[in-house]
Amino acid sequence: MSLKSLALSTAIALAGPAAALTLATGPALAQDDTLSVETATGTAEVPRAPATTAVYDMAALDTLDALGVEGLTSTDKTYFDGLADYQGDIGTLFEPDFEALNALQPDLIVVGGRSAPQAEAVADFAPTIDMTIEGTDLLNGLRARIEAYGRIWGKEDAAADLTADLDTALDDARAAGREAGDALIVLTNGAKMSAYDAGSRFGWLHEATGMPEAFEGLSAAQHGEPVSSEFIRDANPDWLFVIDRGAAIGADSQGAEATLDNPLVRETKAWQSDQVVYLGAADVYIASGGIQATRRTLKTVTEALTAAAGS
């Protein structure tokens, strides 16, 4: 027996059965305090029910709020009135404030999307998970995040309810979109416009409604394919789904309605039938993949499609 083993055995003997039990069960108790969840970068070990969480992603914050998770602190701008209570001083979506983060001493840090490149840097302060949701598979990604958050915070029942609500909203959207015709998704940025196809970050709208693309062959690039009013006229969609980037980020720029209101776009079936839908810009652009943002977007689309069908 080594001197180290002899010393350990002697310590146990002197301390009695209680100490022996503590030493035997310590590692198991530590394991019970963590669990494995799937993230955007693979499986990660996280603490169970973290009391304090720093959140650098609006989609994550949106879903955690819907689950009723407590102890959340987020960035200096949360973009939504309903998330304003979580506004903190831990930096921005792009630049964490490391001094403030160190002072907060969070049990867990959540990054995603715009903040994902900072995952390694903030991991020096607490266990960190990247919960990015890819727009190309947003609906499945959202379901996976709801399930993971429910397990982390012991809110599995609430998570199941949110997923059921999502499925109901999707059923309604697909029913409304079944005979609605085709659609074109356009993002405006001041006077500039980009269009997005079914395989893009906003393409989940085609999946959710079942509506085909008005124009096939667009680039699936992250920032879409730059288009003109002539392009929109020639694509001639039945429906235009519009996202105003300037409105989403609070920019002082020309709004989407002014950008689209021109003689060429007015020739489209969408414009002439009053089937131009201005989506909640921050819901789609900032918190894309958050459960509440997604439900609001689906409600906007479904109500517009249903109203047109009944007119």
Side-chain angles (χ1 to χ4, degrees), residues 56-59 61-62 75-81 83 92-95 112-117 132-136 138 182-206 208-209 211 213-237 239-268 270-271 274-290 293-294 296-298 300-301 304:
Y56 286 95
D57 178 57
M58 290 304 106
L61 186 63
D62 178 87
T75 54
D76 62 356
K77 185 175 182 180
T78 54
Y79 298 92
F80 298 88
D81 291 341
L83 301 180
T92 71
L93 294 179
F94 298 95
E95 296 183 11
R114 296 164 177 82
S115 62
T132 298
I133 298 177
E134 296 296 337
T136 53
L138 183 138
D182 58 35
L184 181 67
I185 303 167
V186 173
L187 178 141
T188 67
N189 186 16
K192 299 178 180 178
M193 296 182 289
S194 299
Y196 290 79
D197 77 345
S200 72
R201 63 192 290 197
F202 305 129
W204 67 272
L205 289 164
H206 287 290
T209 60
M211 298 171 69
E213 300 173 81
F215 181 90
E216 295 184 0
L218 288 167
S219 168
Q222 174 73 4
H223 299 292
E225 185 170 321
V227 297
S228 64
S229 295
E230 288 87 351
F231 170 85
I232 296 175
R233 178 198 62 189
D234 294 343
N236 197 22
W239 288 84
L240 265 174
F241 295 142
V242 184
I243 305 152
D244 187 336
R245 179 183 181 276
I249 64 174
D252 184 16
S253 59
Q254 178 173 293
E257 293 187 39
T259 299
L260 290 169
D261 189 2
N262 64 69
L264 295 171
V265 175
R266 288 188 212 121
E267 292 183 32
T268 62
W271 191 278
D274 196 23
Q275 293 181 171
V276 180
V277 183
Y278 297 92
L279 303 175
D283 285 335
V284 184
Y285 188 77
I286 300 293
S288 181
T294 301
R296 285 192 295 265
T297 301
L298 289 171
T300 297
V301 171

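From a predicted model like this one, the values you see are computed outputs, not experimental measurements. Atom set for the values below is all heavy atoms of this structure, side chains included, hydrogens, waters and symmetry mates excluded.
Not a single side chain to side chain donor-acceptor pair (under 3.5 Å) links Arg114 to another residue, sequence neighbours left out. The side chain to side chain donor-acceptor pair (under 3.5 Å) check on Thr259 picks up Gln254, with sequence neighbours excluded. Asp76 is linked by a side chain to side chain donor-acceptor pair (under 3.5 Å) to nothing, counting only residues two or more places apart in sequence or in another chain. Under the side chain to side chain donor-acceptor pair (under 3.5 Å) criterion, Ser253 pairs with no residue, sequence neighbours left out.
Within the 4.5 Å cutoff, side-chain heavy atoms of Asp197 are placed close to those of Glu213. Phe231 is not listed as a side-chain neighbour of Leu264, based on a closest heavy-atom distance of 4.5 Å or more. Side-chain contact between Val227 and Leu184: absent, with no pair of heavy atoms (C-beta onward) separated by less than 4.5 Å. Within the 4.5 Å cutoff, side-chain heavy atoms of Val265 are placed close to those of Leu240. Side chains of Ser288 and Trp204 form a contact here, defined as non-hydrogen atoms less than 4.5 Å apart. Inter-residue side-chain proximity for Thr188 and Ile243 is flagged as unmet; no heavy-atom pair is nearer than 4.5 Å.
For the pair His206 (side chain) and Ala198 (backbone), a donor-acceptor distance under 3.5 Å is absent. Judged by distance alone, the side chain of Thr78 and the main-chain N or O of Leu83 form a donor-acceptor pair under 3.5 Å. No donor-acceptor pair under 3.5 Å is formed between the side chain of Thr268 and the backbone N or O of Pro237. Asn189 places no side-chain N or O within donor-acceptor distance of the main-chain N or O of Lys192, the cut-off being under 3.5 Å.
Scanning all heavy atoms of the two residues, the minimum distance from Ala116 to Thr132 falls at CB-OG1, 3.7 Å. When all heavy atoms of Gly290 and Asp62 are compared, the closest pair comes out as C-OD2, 3.0 Å. When every heavy atom of Ile286 is checked against every heavy atom of Ala248, the shortest pair comes out as CG1-O, 3.9 Å. Here the shortest heavy-atom pairing between Thr136 and Gly199 reads CG2-O, 2.9 Å. Ala293 approaches Ala287 most closely through the heavy-atom pair CB-O, 3.6 Å. Residues Asp244 and Ala256 share a closest heavy-atom pair of OD2-N, 2.9 Å.
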Start with the C-alpha distance between Ser229 and Asn262, add both sets of side-chain angles, then the distance that settles side-chain hydrogen bond (donor to acceptor under 3.5 Å, both in side chains), and finish with yes or no. CA-CA 8 Å; Ser229 295; Asn262 64 69; 3.0 Å; yes

For Phe241 and Val186: C-alpha separation, side-chain torsions, deciding distance, then whether side-chain contact (heavy atoms from CB on, under 4.5 Å) applies. CA-CA 6 Å; Phe241 295 142; Val186 173; over 6 Å; no

Test side-chain contact (heavy atoms from CB on, under 4.5 Å) applied to Phe215 and Asp182, step by step: CA-CA 9 Å; Phe215 181 90; Asp182 58 35; over 6 Å; no

Evaluate side-chain contact (heavy atoms from CB on, under 4.5 Å) for Arg201 paired with Leu138, printing each intermediate quantity in order. CA-CA 8 Å; Arg201 63 192 290 197; Leu138 183 138; over 6 Å; no

Can you check side-chain hydrogen bond (donor to acceptor under 3.5 Å, both in side chains) on Ser228 and Glu230, steps first, answer last? CA-CA 5 Å; Ser228 64; Glu230 288 87 351; 3.2 Å; yes

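Between Tyr196 and Phe202, the two ring planes are perpendicular [angle over 60°; tilted spans 30° to 60°].
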Could you go through residues 275-283 and list every donor-acceptor pair under 3.5 Å that involves a side-chain atom there, pairing it with any protein atom two or more places apart or in another chain?
{"from": "Gln275", "atom 1": "NE2", "to": "Asp238", "atom 2": "O", "distance (Å)": "2.7"}
{"from": "Asp283", "atom 1": "OD1", "to": "Arg296", "atom 2": "NE", "distance (Å)": "3.2"}
{"from": "Asp283", "atom 1": "OD1", "to": "Arg296", "atom 2": "NH2", "distance (Å)": "2.7"}
{"from": "Asp283", "atom 1": "OD2", "to": "Arg296", "atom 2": "NE", "distance (Å)": "3.0"}

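Counted within 6.0 Å of NZ on Lys77, heavy atoms from surrounding residues, nucleotides or ligands total more than 12; the atom is thus considered enclosed.
For residues 250-263, the pairs satisfying salt bridge (Lys or Arg N to Asp or Glu O under 4.0 Å) are Asp261-Arg266, with sequence neighbours left out.
With Trp271 as reference, Leu260 is the one residue of Leu260, Asn236, Ile232 to meet the side chain to side chain contact (heavy atoms under 4.5 Å, CB included) rule.
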